[in-house]
Protein chains: 2
Amino acid sequence: MTEPRRESISADELRIWRNYIETAELLRARLERRLQSDSSLSSGDYGVLLALSEADQHTLRSSDLAAVVGWERSRLSHHLGRMEKRELICRSPSAEDTRGSEIRLTEMGATAFRRGSVPHLRAVQDLFLEALTPEQLVGVESMTDSLRAYLEPET
Amino acid sequence: MTEPRRESISADELRIWRNYIETAELLRARLERRLQSDSSLSSGDYGVLLALSEADQHTLRSSDLAAVVGWERSRLSHHLGRMEKRELICRSPSAEDTRGSEIRLTEMGATAFRRGSVPHLRAVQDLFLEALTPEQLVGVESMTDSLRAYLEPET
DNA sequence: CCCCGTTAGTTGACGCGTCAATCAAATGTA
DNA sequence: TACATTTGATTGACGCGTCAACTAACGGGG
């Protein structure tokens, strides 16, 4: 039995794909909107504040922060600029490495994070966890693991 | 037996959630990048071009186009502005309804779409379909259906 | 016919993300 | 020490998305 030539995408596959990607996008948008109206934070803000909240001294080197949230430096830099304007964080030059910059959570930032945290988790519950059976959740995990395995290699 | 008070999110649930949303985002970004480098189109461009390609006369009223791609009018208007600059589409006032505007696919647009289409489907195959077993694909469909059911109601 | 509410579409402001360029400090190497 | 390379971070340009404000035309009720 010969390896069959790879078929082009079937209608079923295409439908599943479209539903998957559109649903993920819809979910993301809904969650974003909830977070925004609950706490005036974007999901980006939230991730940064979370990372800083958990950090020693509520402070991280910029590149460490980038690693934690998984962003490119450029993106982080732009985002921190916006967050600094709102006084959610502040930047100061690093002592050990003069090139570097230290990002510290401000009082306002800590407060905003606390205010946003519970409603955000609630939204995850309402919009995602609540919708799925335990079996489906297990299926989701299996799926994401498989996708990751295919996606990770690519830089 | 009383309805138990809703528990807060468990570590497992949170992990599954994070993996789900991050993977979806990673996948989206990869696909976007592939489409961009294969054909200089964004996924937004692609959706618009697809809709117009399938339309009678390669032409749609702006609001109909918005309905097909599922976007707000404002977003569509901005996007069409950018696409018009690149001469992928052109806009002309509508005859029946003077308020309206008709969007027509240009030759360049049709060509760009044809050029992007095959590589795009290939990318969906490579980055998504290929990664999952048939059982997982079925699971994905079940999951998206459940999520939709929870998400749709909200306007 | 005139007014009013609805509908079609555009615009501007602003936040977000990516890419490529830049700059300075740190580090490795001759 | 001197010079090239790498690394940490910022910047500017530009596309993308949302929100709110706006313009203009349609359509119905008086």
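For the side chain to side chain donor-acceptor pair (under 3.5 Å) with Glu32(A), the qualifying choice from Ser43(A), Ser42(A), Ser37(A) is Ser43(A), the only one to do so.
Between Arg99(B) and dA24(D), a side-chain N or O to OP1/OP2 separation shorter than 4.0 Å is absent.
Judged by distance alone, the side chains of Glu72(B) and Ser74(B) never bring a donor and an acceptor atom under 3.5 Å apart. A donor-acceptor contact under 3.5 angstrom links the side chains of His79(A) and Arg82(A), judged on distance only.
Within the nucleic acid shown, Ser101(A) comes within 4.0 Å of sugar-phosphate atoms alone, with no base atom in reach, counting heavy atoms only. Residue Ser62(A) is in sugar-phosphate contact alone, with no base atom involved, counting any heavy-atom pair closer than 4.0 Å across all strands shown. Residue contacts shown for Ser42(A) are limited to sugar-phosphate atoms, with no base heavy atom under 4.0 Å away. At a threshold of 4.0 angstrom between heavy atoms, the contacts of Arg91(A) are confined to the sugar-phosphate backbone, with no base atom among them. Among the heavy atoms of the strands lying under 4.0 Å from His79(A) are primed sugar atoms or P, OP1, OP2 only; no base atom is included. Within the nucleic acid shown, Ser63(A) comes within 4.0 Å of sugar-phosphate atoms alone, with no base atom in reach, counting heavy atoms only.
In this structure, Thr98(A) and Leu76(B) both approach DNA chain C, and ranking their closest nucleotides by distance from the 5' end singles out Leu76(B). Nucleotides of DNA chain D nearest to Glu25(A) and Arg61(A) differ in position, and the one nearer the 5' end is that of Arg61(A).
Note: CZ (Arg75(A)) to C1' (dT11(D)) measures 17 Å, nearest angstrom. Distance His78(B) NE2 to dA21(D) C1': 12 Å, rounded to the nearest Å. The separation between Leu65(A) atom CG and dA9(D) atom P is 10 Å, rounded to whole Å.
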Enumerate donor-acceptor pairs with a distance under 3.5 Å from any side-chain N or O in residues 55-71 of chain B to protein atoms, sequence neighbours excluded.
residue  : atom : partner  : partner atom : Å
His58(B) : NE2  : Ser53(B) : O            : 3.4
Thr59(B) : OG1  : Gln57(B) : O            : 2.7

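Using a 4.0 Å cut-off between charged side-chain N and carboxylate O, Arg91(A) and Glu84(A) make a salt bridge.
Scanning DNA chain C 5' to 3' for nucleotides with an atom closer than 4.0 angstrom to a non-hydrogen atom of chain B gives a first and last hit of dT7(C) to dC19(C).
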Could you walk me through whether Ile9(B) and Phe128(A) satisfy the side-chain contact (heavy atoms from CB on, under 4.5 Å) test, starting with their C-alpha distance in whole Å, then the side-chain angles of each, then the deciding distance to 0.1 Å, before giving a yes or no?
CA-CA 11 Å; Ile9(B) 297 177; Phe128(A) 182 73; over 6 Å; no
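Residue pairs satisfying the side chain to side chain donor-acceptor pair (under 3.5 Å) criterion with at least one member in residues 101-117 of chain B, sequence neighbours excluded, are absent.
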